[in-house]
Asker: 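The structure that follows is given in the form of structure tokens.
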There are 2 protein chains.
Amino acid sequence: MEESTVLIVDDESAIRDMVTVALEVAGYRCLQAENARDAHALIIDESPDLVLLDWMMPETSGLELLRRLRRDELTAKLPVIMLTAKAEEDNMIQGLDSGADDYMSKPFSPRELIARIKSALRRQDAKNQEEPIQVDGLLFDPISHHVSINDKALSMGPTEFRLLSFFLSHQDRVYSRGQILDHVWGGNVYMDERTVDVHIRRLRKALGIDGHERFIQTVRGAGYRFSQKLVAD
Amino acid sequence: MEESTVLIVDDESAIRDMVTVALEVAGYRCLQAENARDAHALIIDESPDLVLLDWMMPETSGLELLRRLRRDELTAKLPVIMLTAKAEEDNMIQGLDSGADDYMSKPFSPRELIARIKSALRRQDAKNQEEPIQVDGLLFDPISHHVSINDKALSMGPTEFRLLSFFLSHQDRVYSRGQILDHVWGGNVYMDERTVDVHIRRLRKALGIDGHERFIQTVRGAGYRFSQKLVAD
DNA sequence: CGACAGCGTGACAATTATATGACACTAATG
DNA sequence: CATTAGTGTCATATAATTGTCACGCTGTCG
């Protein structure tokens with residue numbers, strides 16, 4: 001599976017290190033920032049999957065950063081868990097109102113932290129993945145693992161299924177072969193990029209003549225794009 | 001790669017010189033202005049890639065200039081890093097709210113300065129690569145690799161796409177064939193400069209009769225210019 | 001006017017990118 | 001163990017793109 005990246009934002013380095021250790025044991029990648037400004041830069045540059053955000057920080061407060069994140073479309077849906085000292089718990093209502101997904105009071109146990117992170121990531125994933133997706137005549141049900149087009153069931157291999165799944169949640173955007181390899185095959189794969197071509201071919205075949213050039217478009221020199229819109233080339 | 005131009009705006013010439021040295025060592029081009037009025041003129045004329053802006057200046061303050069830049073569409077997305085004395089740090093919230101991308105407290109180390117500049121330029125690059133650009137009837141979407149004019153999809157080769165992309169982020173300025181070769185074909189290319197002519201021709205063709213002479217103008221003896229404004233030669 | 005440089009245009013062959021079919025290898029299944 | 005479905009790589013076929021060139025037009029300058 002894909003390794004998720006978590007950004008911890010806190011001005012106390014002890015907290016950051018504790019969290020980092022816990023996260024790495026649990027198989028996450030961890031980034032650190034000690035103030036809101038660095039955090040914002042890291043979020044833009046590294047696009048982490050989740051942010052742990054301390055409430056009280058010098059300069060810009062966590063709440064301000066949170067609001068800033070929510071305002072920008074690129075980061076609007078990024079899961080954020082706020083960290084807070086016991087005494088500030090009352091403020092958390094404000095935090096949740098501003099778009100935090102969860103919060104934890106210091107001190108917290110690493111176990112609980114990991115649990116909440118997992119939960120938040122699962123919810124985020126669920127938002128993107130668990131509902132059946134229907135585009136045009138194509139019905140994709142990730143729970144039952146069924147794919148049909150105009151009520152006619154399709155058959156495809158696991159890789160084609162993942163590939164289709166990836167495309168469905170990333171429509172109208174061109175991905176290079178390398179990016180597709182990363183997302184669909186997961187992590188650091190050393191593999192011939194042309195393999196992607198072959199699986200694209202197989203997926204197209206599986207989608208049948210209807211979806212042949214309709215859904216998956218080749219963008220010469222760039223990669224592939226899934227789109228339900230017909231594009232005049 | 002491309003050499004970025006940075007404009008330093010400060011009323012203290014010592015600061016300006018120090019920054020200039022640091023920037024030139026790091027491979028940037030550097031412009032100087034000692035007040036907001038000159039700065040504004042330079043921004044319009046030279047279109048720098050980033051502005052270092054002092055907070056306190058006689059006459060117009062940095063903050064006012066910043067607001068002015070943000071109001072004008074042409075300069076709205078120009079990265080601005082504010083410079084501030086320690087004592088004024090509280091005001092920086094106001095600065096960030098007004099659209100500064102970052103700030104630095106004097107005195108600062110050249111290293112840190114360069115790091116922040118790099119980071120800001122990187123972010124700007126990312127933004128430019130991600131956001132669709134619309135000028136007149138022309139819509140350029142780098143994410144989906146779609147180009148359309150008056151909602152009619154256009155088709156063009158990868159090189160024409162890159163060429164258009166370059167022009168869109170460098171409008172209203174004449175580029176020689178050599179410069180275009182450098183920017184669009186990347187780095188040290190040994191190639192017939194007249195190849196550029198051919199690709200200009202292809203791009204014009206792809207843009208259709210509408211954009212034929214409208215967007216890309218020939219400047220005899222100098223090169224080409226992309227502009228949404230009609231220019232009387 | 002005439003020579004000339006700068007540019008536009010269409011054609012074309014070389015190059016490069018992508019599509020497709022075949023095959024060997026692996027893991028899963030009964 | 002035999003069978004089967006699935007995977008990754010390769011060779012070949014097909015298609016799109018690219019750089020160059022030759023030719024013609026147009027404005028410039030003496």
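Reminder, nothing fancy here: chain letters follow the sequence lines and each chain counts from 1.
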Asker: Within the 3.5 Å criterion, strictly below it, is a donor on B:Gln32 or B:Asp38 matched to an acceptor on the partner's side chain?
Answerer: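 No.
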
Asker: Where each residue is assigned the nucleotide of DNA chain D containing its nearest heavy atom, which of B:His199 and B:Arg194 is assigned the position nearer the 5′ end?
Answerer: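 It is B:His199 whose nearest nucleotide is closer to the 5' end.
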
Asker: With a 4.0 Å cutoff (strictly under), does any side-chain N or O of B:Trp185 reach OP1 or OP2 of D:dG19?
Answerer: yes

Asker: Would you tell me whether A:Tyr224 and A:Arg177 have side-chain atoms, one donor and one acceptor, within less than 3.5 Å of each other?
Answerer: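 Per modelled atom types, A:Tyr224 and A:Arg177 side chains form a pair under 3.5 Å.
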
Asker: How long is the line joining CZ of A:Arg202 and P of D:dC10, in whole Å?
Answerer: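 Rounded to the whole Å, the gap is 14 Å.
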
Asker: By nearest nucleotide on DNA chain C, pick out whichever of A:Tyr224 and B:Ile200 is the more 5' one.
Answerer: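 Counting from the 5' end, the first nearest nucleotide belongs to B:Ile200.
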
Asker: NZ of B:Lys205 versus C1' of C:dA11: gap in Å, rounded?
Answerer: 10 Å

Asker: Round to the nearest Å and state the distance from B:Arg177 atom CZ to C:dA5 atom C1'.
Answerer: 12 Å

Asker: Which of these nucleotides, D:dG8, D:dT18, D:dC23, is closest to any side-chain atom of A:Met191?
Answerer: D:dG8

Asker: Give the rounded distance in Å between these two atoms: CD1 of B:Ile180 and C1' of D:dT18.
Answerer: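 For the pair B:Ile180 CD1 and D:dT18 C1', the rounded distance is 17 Å.
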
Asker: What's the closest nucleotide to the B:Thr195 side chain, out of D:dC23, D:dT7, D:dT20?
Answerer: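 Per side-chain heavy atoms of B:Thr195, the pick is D:dT20.
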
Asker: Nearest to the A:Asp192 side chain among C:dT18, D:dC10, C:dC7, which nucleotide is it?
Answerer: D:dC10

Asker: Among C:dG8, D:dT20, D:dT7, find the nucleotide with the atom closest to the side chain of B:Asp197.
Answerer: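 Shortest atom-to-atom distance from the side chain points to C:dG8.
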
Asker: For the pair made of CD1 in B:Ile216 and P in C:dT9, what is the distance, rounded to whole Å?
Answerer: 12 Å

Asker: With the side chain of B:Thr218 defined as its heavy atoms from C-beta on, choose the nearest nucleotide among D:dG8, D:dT17, C:dG8.
Answerer: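 Of D:dG8, D:dT17, C:dG8, C:dG8 is nearest to the side chain of B:Thr218.
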
Asker: What's the CZ-P distance between B:Arg220 and D:dG27, to the nearest Å?
Answerer: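 The answer, rounded to whole Å, is 8 Å.
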
Asker: Please check if the distance between the ring centroids of A:Phe166 and A:Tyr175 is under 6.0 Å.
Answerer: yes

Asker: Looking just at side-chain N and O atoms, do B:Ser227 and B:Asp172 make a donor-acceptor pair shorter than 3.5 Å?
Answerer: yes

Asker: Could you state the NE2-P distance from A:His145 to D:dG6, rounded to the nearest angstrom?
Answerer: 13 Å

Asker: Judged by modelled atom types alone, do B:Arg29 and B:Thr20 share a side-chain donor-acceptor pair under 3.5 Å?
Answerer: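 No - no donor-acceptor pair under 3.5 Å links their side chains.
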
Asker: Which part of the nucleic acid, if any, lies within contact of A:Val196, taking any heavy atom under 4.0 Å across all strands shown: a base, the sugar-phosphate backbone alone, or nothing?
Answerer: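 A:Val196: no heavy atom of the nucleic acid under 4.0 Å.
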
Asker: Tell me: CD of B:Glu193 to P of D:dC21, nearest whole Å?
Answerer: 14 Å

